[in-house]
Amino acid sequence: MAKIGIPRTLAYFTYFPFWKTFFEETGHEVVVSPPTTRAIMDRGVKEAVNDACIPIKIYHGHVAYLAGKVDCIFCPRLVSVRRHGDFGTETFCPKFLGLPDMIRLSLDDLPDIIDTRVDLKKGKNELLNVYLEVGSRLGNSKGEISKAYKRALQVQRDYQKILCQGVSPPEAIDLVLGDGAGAGQPRMRGYDLKIAVVGYPYAIYDSYINSGLLNILEKENVQVLTQDMLSDKVLNRQARTLPKDMFWYFSNRAVYGALHYINQGEISGVIHVTAFACGPDAMVDRLLEIEIRRRSQLPYLSITIDEHTGEAGVRTRIEAFLDMINYRRERR
Amino acid sequence: MKISFPHMGYSYIAFKWLVENIGHECIVPPEPSKKTLDLGVRYAPEFACIPFKILLGTYLEVAEKGAEIIITSGGMGPCRAGYYWVMHQYLLEEIEKNVKVIAFEPPLCDLKDFWKKINWLRVSGGLSVKDFLEVIKIAWEKIKAIDDVEMYSHKIRPYEVNRGDTTRALWKALEMLDEANNIEEIQDAKHEGLKLLGNILQDKSRNPLKIGIIGEIYVVLEPAANYYIQIMLGEMGVETDRSIYLTSYTRKNTIINLEGSIFEVAKPYLKEAPIGGHGVNSIGETILYAKHGFDGVIQLAPFACIPEIVAKSILPSVSRDLNIPLLTLFIDEQTGKAGVQTRLEAFVDLLERRREVKSGKFERLIV
Ligand code: SF4
Ligand code: SF4
């Protein structure tokens, strides 16, 4: 039995229910780093190459937090999770591709890193193969692995279902993993308006790096809709409306999400959460701005997060954005 | 049709010839200047990489001169370059420039599209298939010859007695190549050019430092984007080698191509390839330059270049393990030539001192 560390960032918000189920069913213990804190971020900023974007730095911080507390760290190398895009070559941001190596060479005294390569575009059974490798590295038998794998798939499916009901990933994770005690208290009254919030899950759902953006919106009585609350089928319909798909899984999802909500016509605006100096987002952000203007009259707000984003700053910008929406509504 | 394309080093000479001989009018892209960059910066997203901004600036300049079509390359990721043309088209439309960007996606990805575009180029120019193939063959010879003379100039320059002789001879050689119209003339011009370069007054007693230039393709290939770094270093008496030429993959005798797959070389440090741009190459090439006794390596990268940031986080380990000094120059719109020069001089000083200590010529004063 091994203690397996999982950093609470990057792909965590997308795949954690699967990961946790798989490792526990194969008899291991899962240790998740806590939600991002100042200390975790500072540590990451210190350890990571200084030109990296803030999410990658924060990932370094989470790994550093886990080092010394666990037997190994699960940092799969995400290369592709489906065959998608104009040439079927959709992948992840180059920093994801190099992530295990960056960590290994930037941080000292690390435990074993499980950096199994995930390249699912290769074929139907690839995901099982990935976990056969992960499991055998941990000393599990084929039988144990297959059983755990099936269970994990089931939990992940349940997770998707909950997300599609409009629950945000952190809450859905609590719900699906059985610890839903405090989550999802029913609201007493309806929302005033709906806003689409798109961007990378690790930017939207990490309330430390975005200074509590979702909470601020909730308090303003705004219902938040994100790309993660939509099924792949719904999202992918938007692909045809663009000249060319982007190459990156998370970027495509963010773009499709925004376009879907616009098309559906229930939202009053779009907020794009983007990381300072993020490579793909230089494209994503301008593409969204242009497409949203061409397809609708909705206001668009881009919020950039970095080490110095403060709550006051985010709050002011959100308030101004909401004021503008309300002003437009009244004039109509 | 008035056709233009991105400016990359001296390759415009061959591309201009190609466009004209297919039967179109060529709007030659100007060498990127401060104005080009300013234009690009004004209309590009803030965090777009420098090549994106320079290309956008170039497109605006050629649009001003009447270009109707811009031909460029596409790509399938993982980095942004393959998406450049889409964004460029969006941005050109936004500022109401009536230019169409036509991108050749890699034929392996979409052969049909590739042929469709090639065919359109040929037919609209009025060439037969046979003539078209001939024209392409000649243009390719031209690119190779251009690369040959440039490569040679970097070998000669550190020995030149009169500063600037090499660069002047290179220009002469390029002019001759510019005027060549068939394979024979190209061969002649090339030999003439190489002879011109070889005949420069040289001081062979010098023992130049050797520096390998690695990094992202555009800033490595476009001297105007890297402050003419190879010329600058050559004039400081340093010999430089770079792996990236438009024709490099056809070459067998260059250092980088000698060793088989660069991805295999990089593997002990980076287990994934490709990661976009020249990220993996930068690591592999540093290893090879170290093994071939180079004194140092300079990494050229656009500011916020994703793969080069990955490389940069790994390169310090390579540099330590193989004992080869490394200088990373991130280039953005604020980088000034003077600053680059100072950093280069300091780096060259460091390499010189290291070499003296190594060869025992130099006694440490402080023990
Ligand atoms: S997509 Fe952007 S934020 Fe995410 S790792 Fe890449 S550069 Fe960083
Ligand atoms: S390799 Fe660097 S310069 Fe090229 S597209 Fe990617 S980020 Fe931009």
Side-chain angles (χ1 to χ4, degrees), chain A residues 47-53 56-57 60 77-80 85-107 115 117 119 242-249 251 274-287 289-291 293-294 302 304, chain B residues 43-49 52 74-87 89-91 93-94 103 105-106 108-110 113 266-277 279-280 283 301-318 320 328 330:
Chain A
E47 303 285 356
V49 59
N50 54 6
D51 314 272
C53 54
I56 291 292
K57 290 181 180 170
H60 281 66
R77 191 191 304 274
L78 293 178
V79 178
S80 73
D86 297 62
F87 314 123
T89 53
E90 184 189 70
T91 178
F92 286 81
C93 164
K95 287 180 198 158
F96 275 73
L97 300 179
L99 190 61
D101 308 287
M102 287 172 92
I103 293 178
R104 194 177 293 117
L105 296 172
S106 303
L107 292 161
D115 61 351
R117 191 166 185 274
D119 191 3
L242 290 167
K244 184 175 179 177
D245 286 309
M246 299 211 160
F247 309 127
W248 318 286
Y249 177 69
S251 308
T274 164
F276 182 80
C278 165
D281 273 357
M283 304 285 191
V284 174
D285 194 55
R286 187 59 68 87
L287 179 92
E289 185 194 319
I290 295 174
E291 282 295 346
R293 180 155 31 77
R294 289 184 184 175
S302 166
T304 308
Chain B
Y43 296 107
E46 185 183 354
F47 291 117
C49 27
F52 182 93
M76 53 184 244
C79 207
R80 292 184 265 185
Y83 212 75
Y84 275 14
W85 71 267
V86 184
M87 265 340 267
Q89 184 75 68
Y90 269 114
L91 296 171
E93 279 165 20
E94 287 294 302
E105 300 291 356
L108 281 180
C109 292
D110 194 343
D113 178 73
K267 215 164 202 177
Y269 293 91
L270 179 57
K271 293 194 181 52
E272 180 65 27
I275 61 161
V280 186
I283 292 166
F303 173 70
C305 171
I306 323 172
E308 295 300 333
I309 289 175
V310 176
K312 192 189 171 203
S313 80
I314 292 170
L315 281 171
S317 311
V318 181
R320 196 179 336 106
T328 299
F330 272 108

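Small disclaimer: the values here were computed from a predicted structure and weren't measured. Throughout, a chain's letter reflects where its sequence line sits, starting with A, and its residues are numbered from 1.
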Indicate the atoms forming the closest heavy-atom contact of C79(B) with P94(A), along with that distance.
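Looks like SG-CG, 4.3 Å.
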With rounding to the nearest 0.5 Å, note down the distance linking [atom1] in [X] to [atom2] in [Y].
| X | Y | atom1 | atom2 | value |
| --- | --- | --- | --- | --- |
| R77(A) | K271(B) | CZ | NZ | 7.0 Å |
| M283(A) | F52(B) | CE | CZ | 5.0 Å |
| I275(B) | T91(A) | CD1 | OG1 | 10.5 Å |
| I290(A) | E93(B) | CD1 | CD | 8.5 Å |

Most heavy-atom pairs under 4.5 angstrom with chain A, which of [options]?
| options | answer |
| --- | --- |
| M87(B), E308(B), R80(B) | R80(B) |
| A273(B), A44(B), G82(B) | G82(B) |
| P78(B), A304(B), G276(B) | P78(B) |

Side chain, backbone, both or neither: which part of [X] has a non-hydrogen atom closer than 4.5 Å to chain A?
| X | result |
| --- | --- |
| Q89(B) | neither |
| P274(B) | backbone |
| V86(B) | side chain |

Side chain, backbone, both or neither: which part of C93(A) has an atom under 4.5 Å from a heavy atom of chain B?
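C93(A) touches chain B through side-chain heavy atoms alone.
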Does any heavy atom of chain B fall under 4.5 Å from the side chain of E291(A), the backbone, both, or neither of them?
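For E291(A), the side chain is the part near chain B, not the backbone.
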Taking every non-hydrogen pair under 4.5 Å, which of [options] racks up the most with chain B?
| options | result |
| --- | --- |
| G279(A), A48(A), P280(A) | G279(A) |
| F96(A), F247(A), F87(A) | F247(A) |
| C53(A), G98(A), P243(A) | P243(A) |

Indicate the ring-plane relationship of F47(B) and F276(A), choosing parallel, tilted or perpendicular according to the 30° and 60° boundaries.
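Ring orientation of F47(B) relative to F276(A): perpendicular.
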Checking Y269(B) side chain against D101(A) main chain: does a donor-acceptor pair fall under 3.5 Å?
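No, because the side chain of Y269(B) does not come within donor-acceptor range (under 3.5 Å) of the backbone of D101(A).
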Is there a donor-acceptor pair under 3.5 Å between the side chain of K95(A) and the backbone N or O of I309(B)?
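No, because the side chain of K95(A) does not come within donor-acceptor range (under 3.5 Å) of the backbone of I309(B).
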Any salt bridge (Lys or Arg N to Asp or Glu O under 4.0 Å) involving residues 274-286 of chain A? Give me the pairs, sequence neighbours left out, ordered by first then second residue.
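Checked against salt bridge (Lys or Arg N to Asp or Glu O under 4.0 Å) - neighbours excluded - the pairs reaching residues 274-286 of chain A are R286(A)-E289(A).
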Could you check if a side-chain atom of V310(B) sits within less than 4.5 angstrom of a side-chain atom of V49(A), using non-hydrogen atoms only?
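With C-beta onward as the side chain, the pair stays apart.
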Close side-chain approach of K312(B) to N50(A), heavy-atom, < 4.5 Å
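When only atoms from C-beta onward are counted, N50(A) and K312(B) do touch, with a gap below 4.5 Å.
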What pairs with S251(A) under side chain to side chain donor-acceptor pair (under 3.5 Å), at least two apart in sequence or on another chain?
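For S251(A) the side chain to side chain donor-acceptor pair (under 3.5 Å) partners, ignoring immediate neighbours, are Y200(A).
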